[in-house]
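Counting starts at 1 for both ligands and their atoms, following the listed order.
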Amino acid sequence: MKLLILNGPNLNLLGVREPEIYGNGTYADLCKLIEAHAAAIGAEIEIRQTNHEGVLVDWIQEARGKFDGIVLNPAAYTHTSVALLDAVLAAGVPTVEVHLSDPDRREPFRRVSYVRPACVACVKGRGPEGYLEAMNLLKLKIDS
Ligand code: CA2
């Protein structure tokens, strides 16, 4: 099973600011946690982060035929990007939307997710553990 883990804008700043929302862990800590879990469940993974919407679109397109599932934290593009919705729909690769915080309990503008209708599940408000939950959900779906 090959999973692509995609992170959107500013997630590289984890641990630098806003610890009350995103916790104290750094982006490197998050990657280590995901890598350890991948090894535990026997998944091959690639973890990528970009601040650019079009790069996320390119990576989602690239996943078709190459990865069995995508864990996607589109960050702020969650709330703005029809391009990401279209890319997930076009890729046809099972995708789980993940958020460290729970955007539905924050500012009203975060309550809209453009990508959600194209995703098989959404895990939010569970911190870094949410990525692991998303990987487990994809494993269940792919193995069934
Ligand atoms: O909770 C999440 O994972 C979000 O996707 C994070 C995004 C936010 O726009 C979404 O509404 C919810 C923001 C990521 C920015 O992360 C930072 C981390 C440290 C300092 C500043 C930003």
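The protein atom (non-hydrogen) at minimum distance from atom 15 (C) of ligand 1 is N10 CB, 3.6 Å. Ranking the protein heavy atoms by distance from atom 20 (C) of ligand 1 puts R17 O, 3.4 Å first. Looking from atom 4 (C) of ligand 1 to the surrounding protein, the closest heavy atom is H99 ND1, 3.6 Å. Shortest contact from atom 1 (O) of ligand 1 to any protein heavy atom: S101 OG, 2.5 Å. Nearest non-hydrogen protein atom to atom 13 (C) of ligand 1 is Y22 OH, 3.3 Å.
With a heavy-atom cut-off of 4.0 Å, I21 does not touch ligand 1 at all.
Here the side chain of R110 pairs no donor or acceptor atom with the backbone of A76 at under 3.5 angstrom. Looking at N51, its side chain does come within 3.5 Å of a backbone N or O of N10 through a donor-acceptor pair.
The pair R126-E129 does not count as a salt bridge, with every side-chain nitrogen at least 4.0 angstrom from each carboxylate oxygen. A salt bridge is absent between R64 and E62; no separation between the charged side-chain nitrogens and carboxylate oxygens falls under 4.0 Å. Ion pairing between K124 and D102 holds under the 4.0 Å rule for side-chain N and carboxylate O. A salt bridge links D104 with R116: the distance from a Lys NZ or Arg NE/NH1/NH2 to an Asp or Glu carboxylate oxygen falls below 4.0 Å.
Of the candidates R110, H79, E18, R110 brings a heavy atom nearest to atom 9 (O) of ligand 1.
Using modelled atom types, one finds a donor on one side chain and an acceptor on the other under 3.5 Å when comparing N7 with Y131. In the model, E97 has no side-chain atom that pairs as donor or acceptor with a side-chain atom of T78 under 3.5 Å.
Listed by atom number, the atoms of ligand 1 under 4.0 Å from A76 heavy atoms are 9 (O).
Using a 4.0 Å cutoff on heavy atoms, T78 does not count as a contact of ligand 1. Ligand 1 lies less than 4.0 angstrom from a heavy atom belonging to L11.
At least one N/O-N/O distance between L100 and ligand 1 falls below 3.5 Å.
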